[in-house]
Novice: 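Below is the structure I would like to discuss, written out as structure tokens.
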Amino acid sequence: MADKQISLPAKLLNGGIAGLIGVTCVFPIDLAKTRLQNQQNGSRLYTSLSDCLIKTIRSEGYFGMYRGAAVNLTLVTPEKAIKLAANDFFRQHLSKDGKLTLLKEMLAGCGAGTCQVIVTTPMEMLKIQLQDAGRIAAQRKLMPETVAAGTVEPKSPTAMQLTRQLFREKGIAGLYKGLGATLLRDVPFSVIYFPLFANLNNLGKRGAEGPAPFYVSFVSGCLAGSTAAVAVNPVDVIKTRLQSLNRGSTEDTYSGVTDCIRKILRNEGPSAFLKGAYCRALVIAPLFGIAQVIYFLGVGEYILGLTKKDH
């Protein structure tokens, strides 16, 4: 991230704190992204980000925008910790005299993205069910033609109920549904983000060895994050569709990545792969901007310093 030397425990703490603050700030936009990506032709309930948020507040209340947030808040710290630690590990082992070629930077990002899916896949699996439950419920009320006759409206499950159900029916594999699509999204994201951030940040360095000013790191994080987010959005649409367990009666189901791509192209056209792209950019850019603020302020180092003093 920023150029100053930070210990691994401080990096993990900074990443966790940044993730917690970031998720709290941008989660409603992430919920809108999931619902926009999941709606298919013939069952379009929302027309835009603002329309989705307004209808969510009207039908589910203010806290309806935070459905599934508890899952993210619980798992975002280990996810960020794994991603940052893995990126540092691979950069350290691939570097020669402290320097990395662009290819090696991309390889380090690839390794980090591969490692993080251990936590990301089950986190996204649970989060998507909780986020999309409100869309399905709203469809039943506002678009009854999308619901099969005689079906009973199910109660919205909790994260623990979902976890137990998936374990009971499919074992650990139930929580890792969509693993391939998650890898196809997170590996390219990290391959794009880490080298792009490092090179943008280097453009604003004070001298050959001096660190970049805070605002340069902040802008670099936002630009790199939003660019990588939009670039992998088509795979994010596929991942979201594959991981969604409940659908309207008129909506397609998918057996895998290739089946999903084929049906989306046939029934919705190529533009469907860009659904929620601007929402995703609006989510990712602040997340990485907030991360830069946390790193710049040295929150992790401050907390660890207080802990050491107490002992």
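What you see below is based on every heavy atom in this structure, not just the backbone, and it leaves out hydrogens, waters and symmetry mates.
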Novice: With distance as the sole test, does Q39 use its side chain to make a donor-acceptor pair with the main-chain N or O of Y46 at under 3.5 Å?
Specialist: yes
Novice: Heavy-atom distance under 4.5 Å between the side chains of F194 and K83, does that happen here?
Specialist: yes
Novice: How would you list, by chain and number, every residue that makes a salt bridge (Lys or Arg N to Asp or Glu O under 4.0 Å) with R185, sequence neighbours excluded?
Specialist: E124, D236
Novice: Mind running side chain to side chain contact (heavy atoms under 4.5 Å, CB included) on L184 and I238 for me, showing each step along the way?
Specialist: CA-CA 10 Å; L184 287 173; I238 295 165; over 6 Å; no
Novice: To the nearest 0.5 Å, what is the distance between CD on Q165 and NZ on K170?
Specialist: 9.0 Å
Novice: Please report the closest heavy-atom contact between I264 and A272, naming both atoms and the distance.
Specialist: CG2-CB, 3.6 Å
Novice: Can you get from I82 to V187 by hopping between Ile, Leu, Val, Met, Phe, Trp and Tyr side chains that sit under 4.5 Å apart?
Specialist: yes
Novice: Quick check: are there more than 12 heavy atoms from other residues, nucleotides or ligands sitting under 6.0 Å from CZ of R266?
Specialist: yes
Novice: Nearest 0.5 Å, please: how far is CG in L20 from SG in C25?
Specialist: 11.0 Å
Novice: Taking the side chain as everything from C-beta on, heavy atoms only, tell me whether T121 gets closer than 4.5 Å to L175.
Specialist: no
Novice: After noting the C-alpha distance and the side-chain angles of L203 and L200, does the key distance pass the side chain to side chain contact (heavy atoms under 4.5 Å, CB included) rule?
Specialist: CA-CA 5 Å; L203 294 175; L200 287 173; 4.3 Å; yes
Novice: So, are E268 and R262 salt-bridged, with charged N and O less than 4.0 Å apart?
Specialist: no
Novice: Checking side-chain polar atoms at under 3.5 Å, does T56 have a donor or acceptor matched by the opposite partner on R35?
Specialist: yes
Novice: What pairs of donor and acceptor atoms, side-chain ones from residues 277-288 against any protein atom, are under 3.5 angstrom apart with sequence neighbours left out?
Specialist:
from, atom 1, to, atom 2, distance (Å)
Y278, OH, L49, N, 3.0
R280, NE, A229, O, 3.4

Novice: Do M125 and M123 sit in the same hydrophobic cluster, where Ile, Leu, Val, Met, Phe, Trp and Tyr count as joined when their side-chain heavy atoms come under 4.5 Å apart?
Specialist: yes
Novice: Side chains of T120 and L75: closer than 4.5 Å at any heavy-atom pair?
Specialist: no
Novice: Quick one: closest heavy-atom pair of V117 and G113, and the distance?
Specialist: CG1-O, 3.5 Å
Novice: Using modelled atom types only, decide if a donor and an acceptor are shared between the side chain of Q161 and the backbone of T158 within a distance under 3.5 Å.
Specialist: yes
Novice: Of all heavy-atom pairs between L31 and G64, which one has the smallest distance, and what is that distance?
Specialist: CD1-O, 3.5 Å
Novice: Quick one: are F197 and E105 in side-chain contact, heavy atoms under 4.5 Å?
Specialist: no
Novice: Can a donor-acceptor pair be found between the side chains of T34 and D132 at a distance below 3.5 Å?
Specialist: no
Novice: Would you call L166 and I172 a side-chain contact if the rule is heavy atoms closer than 4.5 Å?
Specialist: no
Novice: L245 vs K177, test: side chain to side chain contact (heavy atoms under 4.5 Å, CB included). Steps then yes/no.
Specialist: CA-CA 10 Å; L245 298 176; K177 184 181 180 182; 3.7 Å; yes
Novice: What are the two closest non-hydrogen atoms of A32 and C52, and how far apart are they?
Specialist: CA-SG, 3.7 Å
Novice: Using every non-hydrogen atom in the two residues, find where P234 and A231 come nearest and quote the distance to one decimal.
Specialist: CD-O, 3.8 Å
Novice: Closer than 4.0 angstrom, basic N to acidic O: yes or no for D30 and K127?
Specialist: yes
Novice: May I ask you to decide if Q92's main-chain N or O and S95's side chain share a donor-acceptor pair within less than 3.5 Å?
Specialist: yes
Novice: How many angstroms lie between atom CG of L196 and atom OG of S220, to the nearest 0.5 angstrom?
Specialist: 8.0 Å
Novice: Do the side chains of Y254 and I261 get nearer than 4.5 Å, heavy atoms only?
Specialist: no
Novice: So K263 and D259, do their side chains get closer than 4.5 Å, heavy atoms only?
Specialist: yes
Novice: Among side-chain atoms of N14 and E301, is any donor-acceptor pair under 3.5 angstrom?
Specialist: yes
Novice: Could you work out, with side-chain contact (heavy atoms from CB on, under 4.5 Å) as the rule, every residue matching L130, not counting sequence neighbours?
Specialist: V71, A159, L162
Novice: Answer whether the closest heavy-atom distance between the side chains of V235 and P188 falls below 4.5 Å.
Specialist: no
Novice: Mind checking side chain to side chain donor-acceptor pair (under 3.5 Å) for S190 and listing every partner two or more places apart, or none if nothing turns up?
Specialist: none
Novice: Under the side-chain contact (heavy atoms from CB on, under 4.5 Å) rule, collect the residues that match up with A108, sequence neighbours excluded.
Specialist: N87, F90, R91, L94
Novice: Within the side chain of N233, is there an N or O that forms a donor-acceptor pair under 3.5 Å with the backbone of K275?
Specialist: yes
Novice: Hydrophobic cluster membership, with links at side-chain heavy-atom distances under 4.5 Å among I/L/V/M/F/W/Y: are V191 and V232 in one?
Specialist: no
Novice: Same cluster or not: F273 versus V257, using hydrophobic residues (I, L, V, M, F, W, Y) connected whenever any side-chain heavy atoms lie under 4.5 Å apart?
Specialist: yes
Novice: Check the hydrophobic clustering (I, L, V, M, F, W, Y; side-chain heavy atoms under 4.5 Å; chains of links allowed) and say if L242 and Y176 are grouped together.
Specialist: no
Novice: Is the backbone N or O of D252 less than 3.5 Å from a side-chain atom of R241, with the two atoms forming a donor-acceptor pair by type?
Specialist: no
Novice: Looking at CD1 of I57 and CE of M65, how far apart are the two atoms once the value is rounded to the nearest 0.5 Å?
Specialist: 4.0 Å
Novice: Return the orientation label for the F189 and Y193 ring planes: parallel under 30°, perpendicular over 60°, tilted otherwise.
Specialist: parallel
Novice: Any salt bridge (charged side-chain N to carboxylate O under 4.0 Å, His left out) pairs touching residues 214-227, not counting sequence neighbours?
Specialist: none
Novice: Set out, in order, the CA-CA distance, both residues' side-chain angles and the distance that settles side chain to side chain contact (heavy atoms under 4.5 Å, CB included) for L73 and T24, then state yes or no.
Specialist: CA-CA 8 Å; L73 291 170; T24 304; 3.8 Å; yes
Novice: When rounded to the nearest 0.5 angstrom, what is the spacing between NZ in K239 and SG in C260?
Specialist: 11.5 Å
Novice: Rounded to the nearest 0.5 Å, how far apart are CD1 of I128 and OG of S244?
Specialist: 5.5 Å
